[in-house]
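Owing to the predicted nature of the structure, the values given are computational and were not obtained by experimental measurement.
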Amino acid sequence: MRTEDVLAAIDTGLWRWNNASGTVTFDAEAARLVGLPADEVTLTESAVRARFHPVDWNEIQGIVQLAVTEGTVAEARLRVMSEDGRHVLRTVRSRSKPFGGESDYQLIGTIQEVAESAPGTAARTPVTGDWRRSREAFLLDAGRALAEARSTAEVLRVAASLSMPGFSPDGLAVFGVAGDRLTTIGHHGHKPGDEDPFRDMPLDTDYPAAEVVRTGRAIYLPTPEEYRTRFPATWPLAEGFGRRSWAFVPLVVAGRTMGAWMAGFAHPVAFTPDERSVLTTVARMLAQALARAGVEESERELSEGLQRSMMPTLGPDIPGMKVAARYVPTGGGLQVGGDWYDMIPLPSGRFALVIGDVQGHDVRAAGLMGQLRIALRAYASEGHRPDAVLSRASRFLHGITDTYAPDDHSSPRFATCLYLEVDPVDGTVELARAGHPEPAVRMPDGTVLVRTTAGGLPLGIDADTDYPTTRLALEPGETLMVCTDGLIETGGHDLDSGWARIRTILESPEADPSAKLDLERLADDLVQAVHGPPSHHTTGPLSDRREDDIAVLLLSREAARADGTSSVRSTAVTVAQAEPERIAGTRRQLRELLHDWADEDQVDSAVLMVSEMVTNVLVHTDGDALLTARATGPVGSRTLHVEVTDVSDELPHKRRPGEMASSGRGLLLMEMLAHKWGVDPRGEGKSIWFDLYEDAPPASYEDF
């Protein structure tokens, strides 16, 4: 004998609640006990809720959640309501056991009638105060849910999930107005295609929703007969859905009827004053939510359209090189701000990469960004060098923001910018920098260096600012990254901690010179690290810092075919006479180049010698010092070759300084610490160099 038959013999039903699908299945006895025909049936949660007293249903939600959390049996008493929701038919007891997790579970249990009142009186017990208290709780929940919805689709999902106390609809539709036509904005409880006859109809159609829009008054149809009598022309369209009652309520905002809301019921509803009050209140909240979502969607569409028009594509492929870019607006409500990037074909056959950030995150910043981007394109297309392009751009920005009133929103703005001119044939990069973060280079083995570059003031501050040009070579397999400060400082980071975070992401791909770096994936990883879920675990020391836009450009030179040769790691830095503070940056960059060198003492020796060499150039000559460092060979047996070049023809002389001397030790240091060193005269100037061998023992300080 089946379990269902045994339970039916003792007037006990069996039911199953599937939380994942939102359905409840009753066997024949359980269906009879809840006032349905005595046949097995599967209903939605909202339909089942309509069978029970709303107060009991609200209480059982908490009981079920506790049982799911603790893994115990959920036991509750529920009053079964009449079809009109006004009287209690009987009281039943349910005992169920949850299976599954807290968010995806099933309840399997029994349902049995219990005696709660004198025989024959349950069906005549009216529902009054409890129903009204439940209605108030429902309206509070509905108002909160609709207020939090941020799009039309989300508003419609919330409306479809509303389970009204005692008379939940099984079908919903929201109608809007477009000119003199009635349109369907959204619907729930219908099969695909069911809305086609209602999708677009004239406002003078003999249809309840159209009349509601025309008159601004609600229409309640408690029976099919009343629907057929009042709207005979469109009754055949509604008849096929098999519903018993309908409510068509106007959606009114600021005194204007913007549409209509239809709630259809599979069971008869009398539409008492209390029920009409609930429907009217929900319609009012629904209209406000739809209007608010419409405004936000219009603003979002406008800003996204502005962003698309201002963010150019990267253009055609470049032979031997790959480019990837990302732009993410992260601050304020606008989807576009002052950050931008660009790629510009040049008359010389080269191409330019531009990245910049206009001060502010508002419509004016976006407008200035668009103007500045066009100006930069024009200057670059004329064939000007990087320094001239930025000088002209600074003069242009200063000119359009120079005249302003103290309280005017059009007060002067500045912009940071990095302009790079790239030769795809040999990888030469010439760049000029206007107050922008310096570029970083990832080498084929994963080593990352921040390239120290000369720079000038941000654009727009001074009309006559000069911007020195820095030249570097992008070797095969190397990747150049330039970005706005949003990528570095988002999440409360400063420049130091932000670069440390970015360096970790850049170094994360496998350091294999023969492997092809996925540039698009690297761009996504960089953005996710500072803007996605992982960023919540890497907050910086300035936790209260305002979030900013993010723009990032990646340029990679394709690696030569792997032939078993060892990798090359190099850097070049210019230290100007007017910038002796860059010596500290030079030392830091050399340490970064040798981050995995086998012997730390050799690294210390190299840094000490470089510091002496560069300082000597600045002290004893009138020119700048050009440092180049190159590490070649397999890891563990590499050779480091360092050169410092200047324009002076005077050769250095080895001296024996006394104990108290403050100079004269440079060549002695190289003689003691380097495995090999020398001084080479050049056509103009000279070069001082040294070599260190990773697999050789380090020189000793003892004889110095």
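- Counting only heavy atoms from C-beta outward, the side chains of Val575 and Leu627 never approach each other to under 4.5 Å.
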**Asked** Gln371 and Leu368: side-chain contact (heavy atoms from CB on, under 4.5 Å), yes or no, with the steps?
**Response** CA-CA 5 Å; Gln371 292 175 283; Leu368 287 175; 3.6 Å; yes
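- Closest heavy-atom contact between Arg557 and Leu474: NH1-O, 2.8 Å.
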**Message:** With side-chain contact (heavy atoms from CB on, under 4.5 Å) as the criterion, how do Ile488 and His493 come out once you've worked through the C-alpha distance, each side chain's angles and the decisive distance to 0.1 Å?
**Reply:** CA-CA 7 Å; Ile488 303 171; His493 285 270; 5.8 Å; no
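- For the pair Leu669/Phe690, no side-chain contact is recorded, criterion being any heavy-atom separation below 4.5 Å from C-beta on.
- Atom CD1 of residue Ile505 and atom CG of residue Leu522 lie 8.5 Å apart, to the nearest 0.5 angstrom.
- At a threshold of 4.5 Å between non-hydrogen side-chain atoms, the residues Thr621 and Gln577 count as touching.
- Distance check, rounded to the nearest 0.5 Å: OH of Tyr693 to CG of Asp599 gives 15.5 Å.
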**Chi angles and distances behind the side chain to side chain donor-acceptor pair (under 3.5 Å) call for His595, Thr447** = CA-CA 8 Å; His595 68 95; Thr447 300; 2.8 Å; yes
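- Comment: Asp604 engages Arg591 in a salt bridge, judged by a side-chain N to carboxylate O separation of less than 4.0 angstrom.
- Checked for salt-bridge contact, Lys686 and Glu643 miss the test: no charged N lies under 4.0 Å from a carboxylate O.
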**Message:** Determine whether Trp677 and Met609 satisfy the following criterion, side-chain contact (heavy atoms from CB on, under 4.5 Å), listing intermediate values before the conclusion.
**Reply:** CA-CA 11 Å; Trp677 68 280; Met609 287 187 286; over 6 Å; no
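- Using a 4.0 Å cut-off between a side-chain N of Lys or Arg and a carboxylate O of Asp or Glu, Arg582 and Asp624 do not qualify as a salt bridge.
- The CD atom of Glu694 sits 7.5 Å away from atom CG of Asp596, with the distance rounded to the nearest 0.5 Å.
- For the atom pair CG (Leu608) and OG (Ser611), the distance works out to 7.0 Å, reported to the nearest 0.5 Å.
- Contact of the Val482 side chain with the Leu555 side chain is not registered, since no non-hydrogen atoms from C-beta on lie closer than 4.5 Å.
- Summarising the geometry of Ala380 relative to Pro347, their closest heavy-atom pair is O-CD, 4.2 Å, with the distance given to 0.1 Å.
- Heavy atoms only, all atoms of each residue included: Cys417 and Leu459 are closest at CB-CD1, 3.7 Å.
- At least one side-chain heavy atom of Val530 sits under 4.5 Å from a side-chain heavy atom of Arg501.
- Distance alone, capped at 3.5 Å, is enough to place a donor-acceptor pair between the Ser497 side chain and the Asp494 backbone.
- Aromatic ring orientation, Tyr379 versus His384: perpendicular (interplanar angle above 60°, classes split at 30° and 60°).
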For residues 418-426, tabulate all N or O donor-acceptor pairs below 3.5 Å that involve a side-chain atom, not counting sequence neighbours.
| residue | atom | partner | partner atom | Å |
| --- | --- | --- | --- | --- |
| Glu421 | OE2 | Arg350 | NH1 | 3.3 |
| Glu421 | OE2 | Arg385 | NH1 | 3.0 |
| Asp423 | OD1 | Val425 | N | 2.9 |
| Asp426 | OD1 | Thr428 | N | 3.0 |
| Asp426 | OD1 | Thr428 | OG1 | 2.9 |
| Asp426 | OD2 | Thr428 | OG1 | 3.1 |

**Full working for side-chain contact (heavy atoms from CB on, under 4.5 Å) between Leu372 and Phe396** = CA-CA 8 Å; Leu372 186 57; Phe396 168 81; 4.3 Å; yes
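- The minimum heavy-atom distance linking Ala393 with Leu376 is given by the pair CB-CD2, 3.7 Å.
- When atom types are taken as modelled, the side chain of Arg413 and the backbone of Gln359 share a donor-acceptor pair closer than 3.5 angstrom.
- Under the 3.5 Å distance criterion, the side-chain polar atoms of Ser394 are matched with a main-chain donor or acceptor of Gly460.
- Exactly one residue among Lys676, Met613, Glu612 makes a side-chain contact (heavy atoms from CB on, under 4.5 Å) with Met670. That residue is Met613.
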**Request:** Determine, stepwise, if the pair Arg326 / Glu520 fulfils salt bridge (Lys or Arg N to Asp or Glu O under 4.0 Å).
**Result:** CA-CA 9 Å; Arg326 295 292 185 272; Glu520 296 293 337; 2.8 Å; yes
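- Considering only residues two or more places apart in sequence or on other chains, Trp597 meets the ring pair (Phe, Tyr, Trp, His ring centres under 6.0 Å) condition with none of them.
- Using modelled atom types, no side-chain atom of Arg451 and backbone atom of Val441 make a donor-acceptor pair closer than 3.5 Å.
- Listed by first then second residue, pairs satisfying side chain to side chain donor-acceptor pair (under 3.5 Å) with a partner in residues 452-463 read Arg433-Thr453, Thr452-Gln589, not counting sequence neighbours.
- Expressed to the nearest 0.5 Å, how far CG of Asp357 lies from OG1 of Thr484 amounts to 5.5 Å.
- By the 4.5 Å heavy-atom criterion applied to side chains, Pro439 and Met481 are not counted as neighbours.
- Shown here for Ser570 and Met443, the closest heavy-atom pair between the two residues is O-CE, 2.9 Å.
- To the nearest 0.5 Å, the span separating CD1 on Ile502 from SG on Cys483 amounts to 6.5 Å.
- Here the side chains of Leu506 and Thr479 are not in contact, with every heavy-atom distance at 4.5 Å or above.
- Minimum heavy-atom separation, Gly623 to Val617: O-CG1, 4.2 Å.
- Residues Leu692 and Val642 fail the side-chain proximity criterion, which asks for heavy atoms closer than 4.5 Å.
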